[in-house]
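Reckoned from all heavy atoms, side chains included, excluding hydrogens, waters and symmetry mates.
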Amino acid sequence: MKRKSGQNPEITKNWKPATLAVRGGTARSEYGETSEALFLTSGYCYDRAEDAAARFAGEQVGMTYSRLQNPTVEMLEQRIALLEGAEACRATATGMAAMTAALLCQLSAGDHVVAAKAAFGSCRWLVDTLLPKFGIATTTIDGRDTAAWEAAAKPNTKVFFFETPANPTMDVVDIAAVCAIAKARGITTVVDNAFASPALQRPMEFGADVVAYSATKMMDGQGRVLAGAICGTRDWIDSVLLPFHRNTGPTLSAFNAWVVLKGLETLDLRIRRQSDNALKVARFLEGRLPKVNYPGLESHPQHVLAMQQMDAAGPIFSLYVGGGRAEAHGLLNALELVDISNNIGDSRSLMTHPASTTHYGMAEEARLEVGITEDMLRLNVGLEDADDVIADFDQALRAIGR
């Protein structure tokens with residue numbers, strides 16, 4: 001590959017996703033390094049004062065400050081945009097920085113947002129608590145009910161915001177149908193695609209305007225760093241998001257960008273193996289527990305829709321143990337291989353109790369409304385041998401009398 005091949009759209013447009021995940025966005029320095037270079041710098045120097053002025057005026061291409069541009073971060077942004085099929089991407093320090101920026105950059109007092117009820121706890125906090133503080137009205141609905149989106153839209157509705165599959169209920173939203181409703185009304189759709197990643201689901205192919213990520217999850221996928229990303233059109237990124245990003249500074253560090261670049265190299269391999277493992281584990285647990293929420297199972301009420309939108313069902317699902325928190329904690333405590341951890345998208349199998357961790361900040365009534373009960377657990381199936389994970393659950397279930 002030549003030094004700039006990874007950043008040449010005439011070349012990269014012919015590459016398949018697995019190739020883009022390894023080489024997309026790469027720009028080699030004059031040293032010809034094989035791995036992406038790590039640029040640890042806060043600022044940049046100029047040969048002439050006139051060059052500095054021209055760059056700040058947007059008249060000259062080049063770096064000005066690492067809150068705005070960094071060569072390593074730019075490589076990551078280009079790679080994610082290529083994988084997503086987006087014109088542009090901006091990376092952020094965390095997934096929640098991405099969600100916050102994707103919303104606040106385009107909203108003002110007097111605007112209205114419609115959001116799916118089933119979502120990550122911090123995303124619900126944005127909708128339920130933060131946005132109203134700034135005079136932005138919000139309405140939460142059952143995202144699975146396409147008609148509910150249309151019914152909730154108002155003349156001042158600016159954004160539809162949803163996650164699919166949702167955390168941790170695994171609700172699936174009909175992306176194409178909801179985006180069609182939004183486009184007919186001039187509403188911007190913001191889709192949280194963290195559970196699937198662009199390796200399994202590309203919401204823009206179904207009409208989404210903006211796709212936001214916690215790149216901490218599948219993109220890094222090995223529990224090492226925090227990162228986020230926002231994808232959209234070049235015009236939206238530059239004219240709507242960039243002023244907010246520039247002046248509020250949710251900037252991703254060069255080192256974390258480099259780590260995520262390394263993670264993307266194995267994303268396709270990891271997520272497909274983890275999806276295969278998750279399906280095996282889900283089928284085992286389905287025979288032992290009252291309920292398992294996994295879109296890859298035929299028993300999931302939106303299985304057909306999920307498989308139309310996704311290339312595979314991913315590594316994450318939720319399950320109901322029965323017996324309340326004591327039973328759920330008992331199962332967690334009996335596990336020997338699977339870790340108790342509130343992270344997801346990791347190469348290790350991890351499990352948590354959402355009601356007391358990731359969704360602790362939600363009001364109990366709101367949790368129960370979307371099905372986050374005291375006996376629910378969320379599982380991220382890793383890259384271990386699926387039989388070992390199953391064996392661990394078998395002994396843990398027997399330990400609690402199941």
Side-chain angles (χ1 to χ4, degrees), residues 17-18 20-22 24-25 76-77 79-86 89 91-99 119-120 122-123 163-168 170 172 175 191-205 208 211-231 252 256-279 281-282 294-296 306 309-318 339 341-352 358 378-384 389:
L20 291 172
V22 176
L76 175 64
E77 291 170 340
R79 185 170 297 179
I80 293 174
L82 287 167
L83 287 170
E84 189 65 44
C89 170
T92 60
T94 68
M96 283 313 303
M99 303 303 158
F120 177 51
S122 293
C123 288
E163 175 185 20
T164 183
N167 182 0
M170 307 308 294
V172 177
I175 304 173
V191 181
D192 177 352
N193 197 38
F195 265 34
S197 89
L200 297 185
Q201 180 173 263
R202 292 158 296 281
M204 288 185 175
E205 294 180 358
V211 182
Y213 285 100
S214 171
T216 308
K217 309 302 187 290
M218 295 307 307
M219 291 187 187
D220 170 37
Q222 290 153 85
R224 300 172 296 188
V225 297
L226 301 179
I230 307 166
C231 299
L252 178 64
N256 285 11
W258 184 84
V259 173
V260 178
L261 278 166
K262 297 292 99 184
L264 286 174
E265 292 180 3
T266 59
L267 172 61
D268 188 73
L269 295 171
R270 286 184 287 105
I271 200 165
R272 293 182 188 281
R273 173 62 180 271
Q274 287 179 251
S275 295
D276 290 344
N277 284 353
L279 183 58
V281 175
Y294 184 55
Q309 297 181 167
M310 303 174 70
D311 297 336
I316 305 155
F317 60 88
S318 57
D339 288 309
S341 176
N342 51 279
N343 196 23
I344 53 172
D346 199 289
S347 58
R348 302 160 186 81
S349 291
L350 311 173
M351 201 171 193
T352 195
T358 58
R378 188 192 66 197
L379 173 64
N380 172 91
V381 181
L383 288 171
E384 306 94 346
V389 178

Do [X] and [Y] touch side chain to side chain, with heavy atoms closer than 4.5 Å?
X: Leu200; Y: Ser275; result: yes
X: Val172; Y: Gln309; result: yes
X: Met219; Y: Pro198; result: yes
X: Ser197; Y: Leu267; result: yes
X: Leu20; Y: Arg79; result: no
X: Leu252; Y: Leu226; result: no
X: Cys89; Y: Glu84; result: no
X: Asn277; Y: Val389; result: no

Kindly say whether [Y] contributes a backbone atom to a donor-acceptor pair with the side chain of [X] at under 3.5 angstrom?
X: Gln274; Y: Ile316; result: no
X: Arg270; Y: Met218; result: yes
X: Thr216; Y: Ala227; result: yes
X: Glu163; Y: Asp192; result: no
X: Asn380; Y: Gly345; result: yes
X: Ser349; Y: Val381; result: no
X: Asn193; Y: Tyr213; result: no
X: Thr92; Y: Thr94; result: yes
X: Gln201; Y: Pro165; result: no
X: Asp339; Y: Ser341; result: no

Inset, instruction - Under the ring pair (Phe, Tyr, Trp, His ring centres under 6.0 Å) rule, collect the residues that match up with Tyr294, sequence neighbours excluded. - result: Phe317

Legend entry - N-O pairing of Arg272 and Asp268 below 4.0 Å: yes

Inset, instruction - Using a strict 4.0 Å threshold on nitrogen-to-oxygen distance, state whether Arg202 and Asp311 make a salt bridge. - result: yes

Return the minimal non-hydrogen interatomic distance between [X] and [Y], and the atom names on each side.
X: Ala196; Y: Met310; result: CB-CE, 3.9 Å
X: Val260; Y: Val225; result: CG2-CG2, 3.9 Å
X: Ala86; Y: Cys231; result: CB-CB, 3.8 Å

Legend entry - Pair Leu350-Ile344, side chain to side chain contact (heavy atoms under 4.5 Å, CB included): steps then yes or no: CA-CA 7 Å; Leu350 311 173; Ile344 53 172; over 6 Å; no

Inset, instruction - Would you please name every residue forming a side-chain hydrogen bond (donor to acceptor under 3.5 Å, both in side chains) with Gln222, sequence neighbours left out? - result: none

Inset, instruction - Indicate whether the side chain of Arg224 and that of Asn256 have a donor and an acceptor atom separated by less than 3.5 Å. - result: no

